[in-house]
There are 2 protein chains.
Amino acid sequence: MARTDTRFRQSHNAMLDMLSAMAVGDGLPSEVQLAARLGVSRTVIRSVMQKLGSDGIITGSGRDKRMLRRPNTKDRLPLREDYIGRDELEARFLDWVLRFDVPAGTALNITQLARQFMVPPHALQEFLASLGQSGLIERRARGGWRLLGFTADYAVELSEFRQVLELNAIRVFAALPDDHPAWAALSAVRDEHLDLLHRIERDFHDFSRLDGRFHALVNSVVRNRFVAEFQKVISLIFHYHYQWDKTMERYRNEAAIREHLTIINALQARDGAEAEARARAHLATSKETLLSSMRGHHLA
Amino acid sequence: MARTDTRFRQSHNAMLDMLSAMAVGDGLPSEVQLAARLGVSRTVIRSVMQKLGSDGIITGSGRDKRMLRRPNTKDRLPLREDYIGRDELEARFLDWVLRFDVPAGTALNITQLARQFMVPPHALQEFLASLGQSGLIERRARGGWRLLGFTADYAVELSEFRQVLELNAIRVFAALPDDHPAWAALSAVRDEHLDLLHRIERDFHDFSRLDGRFHALVNSVVRNRFVAEFQKVISLIFHYHYQWDKTMERYRNEAAIREHLTIINALQARDGAEAEARARAHLATSKETLLSSMRGHHLA
DNA sequence: GCCGGTGATTTTTATCATTAAAGACACCAT
DNA sequence: ATGGTGTCTTTAATGATAAAAATCACCGGC
């Protein structure tokens, strides 16, 4: 078997569901309509039709196909939900790298990793290639991959790069015309910050998401696909570390909220220089947090 | 045949060369040494040895292997130099895309492209994946790739991103301590600019490389793998376009040299603000040149 | 005669089996 | 002990293959 016939099996079962909602003797929709409804190609529909025909569930051919009997549970095709999706793979891989302190410089083993992550080797290969630009991974001369690792160096450079991008975003933001929708969004985010500050004792866990929204908003004013691409990597990594460093979480979060508010206030006062200074301070704190989180994790 | 036996063939021929430099009856070095000398694994060496043995060129086994007769031309194994390397692939692909022979949004065909570029389909797949982050290419939902294309939008965003990175570099540069080696390098590059300016009438073609060196120097003061990674993409694309837009090349280049010099002068005067302003102007020109080069090419 | 449909065929890509190459291990000779 | 060979295992690049998508050709009813 070459490609998995998962799509065929899923379509088959979906078709059974559809038939269950119909009466015996009813005519079936056209192949094109069925294909559109299930979101697959006509080829799959036809394979399913053939199977249903040989199973005695439908009869007829060409334009006139009718339901012969109601499908029952035994007609369903089992489908092993073995392989995971691409996003899941990304999450698991990063989790593995960032959590298990995989030593820098380790040679990666495609086959083994593919088994470990439950994906076909091919998919892993492609995934690793796509990670190439992120600097976490390197192609070895004669085949194979090497994990460069999430080192302190890496974290520092990532933070600095983030700072470059985000300070630029702050400058752009401060120069936006007053009727730009971002100002309204900023107001809303400010209210959310104030709100969370009031119930910080109980809900300090909510900060991680608010933090994400705040930084996303700031960066959203820079319409640039490269910035957006990096933003994804950055927020991913920072998000991951947020989850682990539980020390002082409540106080760190409260402090971060207050830092955000100083930035927002400066922006709303259209004081670009002040906003930039506040943002610089906040990003420095953030970088320190990331580094200390790494140190803590290393010892654990 | 699974993997190509190119390595075996190359090693075989290399071994013949090595034997030609020896006398009949001489003993051969150990397998480990041979492997190290040819840069391949012992497995390959052993295969070659076996072949040489059955061809009657060497005799003996184990530690004692001796040359039996001098190899001649007929002993060489032919090797089809079919597949091209990875760098070559990158060059060809970018060439193909950037020349606009391809409309934006086209679905890419792995097999066809692989044939066109003389690489195994697999290699192309991996290459495309590695290009994913550059924003030129997109993965379609159910397999396949789509070329987003080098559009005007893309060029604008690339230029703006370049500007963010490079202005940051300029700021860092201006703040370097006086004994930093970059200052000496800057002096040298300044001299090169002055030199080229004197012989601009004849050698204006040399500017492209000088331009590359100048921008590389400026960015080199930011030690950051992400910056470096993007710098590669950026310089590649700008370099490619330089090659095509031949209109006014001599005058454009002279103007660019003068712009570089104003930046250099401001830096040497430690006037960060002025340097930033000059750099901003230069990058704006550069962006315009890129865009007009694209328009020109589009009409052609 | 055109439009929505089916039948048959051609492309195209994801997976699998295969094999060259690399590396590990055990043993041998000096 | 050290440097070597013989044997075996592991690994990743390739070609073959099958699933799915896309395309083409044709048909029948209004």
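We name chains A, B, ... by the order of the sequence lines, and we start the count at 1 in each one.
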Next on the checklist: Please report the distance, rounded to the nearest Å, between NZ in B/Lys65 and C1' in D/dG6.
Outcome noted: 11 Å
Checklist entry - Which residues within residues 44-60 of chain A lie with some heavy atom under 4.0 Å of an atom in DNA chain C? => result A/Arg46
Checklist entry - Which is it for B/Met67 and B/Thr59 under the side-chain contact (heavy atoms from CB on, under 4.5 Å) test, yes or no, and what are the steps along the way? => result CA-CA 6 Å; B/Met67 179 153 82; B/Thr59 184; over 6 Å; no
Item to check | Nearest-Å distance for atom pair NE2/C1', residues B/His12 and C/dA20 | outcome: 16 Å
Next on the checklist: Using a heavy-atom cut-off of 4.0 Å across all strands, would you classify A/Arg139 as base, sugar-phosphate, or nothing?
Outcome noted: sugar-phosphate
Checklist entry - Is the number of heavy atoms from other residues, nucleotides or ligands within 6.0 Å of CD (A/Gln50) greater than 12? => result no
Next on the checklist: Test your reading of the model: is there a side-chain donor-acceptor pair from B/Asn219 to the backbone of B/Ala216, 3.5 Å cut-off?
Outcome noted: no
Item to check | For atom CG of B/Asp64 and atom P of D/dG6, their distance in whole Å | outcome: 12 Å
Checklist outcome for this item: Whether each nucleotide of nucleotides 22-29 of chain D has a protein heavy atom under 4.0 Å at its base (B), only at its sugar-phosphate (S) or at neither (-) is summarised, 5' to 3', as BB---B--
Checklist entry - Do any side-chain nitrogens or oxygens of A/Gln33 fall under 4.0 Å of OP1 or OP2 in C/dG4? => result no
Checklist entry - So with a 6.0 Å cut-off around CZ of A/Arg69, is the heavy-atom count from everything else above 12? => result yes
Next on the checklist: Taking CZ in A/Arg223 as the centre, count heavy atoms belonging to other residues, nucleotides or ligands within less than 6.0 Å. Is the count above 12?
Outcome noted: no
Checklist entry - Taking the six-membered ring of B/Trp145 as reference, does the NZ or CZ atom of B/Arg139 fall below 6.0 Å from its centre and within a 45° cone about the axis? => result yes
Checklist entry - So, for A/Phe226 and B/Phe226, is the gap between ring centers shorter than 6.0 Å? => result no
Next on the checklist: Classify A/Gln125 by what it touches in the nucleic acid, base, sugar-phosphate, or nothing, heavy-atom distance under 4.0 Å.
Outcome noted: sugar-phosphate
Checklist outcome for this item: Closest of C/dT15, D/dT5, C/dA22 to the B/Arg7 side chain is C/dA22
Checklist entry - So, is A/Asn109 close to the D/dT10 phosphate, meaning a side-chain N or O under 4.0 Å from OP1 or OP2? => result no
Checklist entry - For the pair made of CG in B/Leu124 and P in D/dT14, what is the distance, rounded to whole Å? => result 13 Å
Next on the checklist: If I take atom CG in residue A/Asp5 and atom C1' in nucleotide C/dC16, what distance separates them, rounded to the nearest angstrom?
Outcome noted: 14 Å
Next on the checklist: Check A/Arg225 with A/Glu229, please: is the shortest side-chain N to carboxylate O separation under 4.0 Å?
Outcome noted: no
Next on the checklist: Need one value for B/Leu108: base, sugar-phosphate or nothing, where a base atom within 4.0 Å counts as base even if backbone is also close, heavy atoms only.
Outcome noted: sugar-phosphate
Checklist entry - Looking at the side chain of B/Val40, which of D/dT14, C/dA20, C/dA22 is the nearest nucleotide? => result C/dA22
Next on the checklist: Any salt bridge linking B/Glu31 with B/Lys65? Criterion: basic side-chain nitrogen under 4.0 Å from a carboxylate oxygen.
Outcome noted: yes
Item to check | A/Val48 and A/Leu38, any side-chain heavy atoms less than 4.5 Å apart | outcome: no
Checklist outcome for this item: The residue, B/Ala123 or B/Gly62, whose nearest nucleotide of DNA chain D is more 5′ is B/Gly62
Checklist entry - Just how far, in rounded Å, is P of C/dA21 from CG of B/Leu38? => result 13 Å
Checklist entry - Whole-Å distance between D/dA20 C1' and A/Leu34 CG? => result 17 Å
Item to check | Under-4.0 Å side-chain N/O to phosphate OP1/OP2 contact, B/Ser30 with D/dG3 | outcome: no
Item to check | Separation of atom CD1 in A/Ile110 from atom C1' in C/dT15, rounded to whole Å | outcome: 15 Å
Next on the checklist: What's the closest nucleotide to the side chain of B/Phe8 if the choices are C/dA21, D/dT11, D/dT5?
Outcome noted: C/dA21
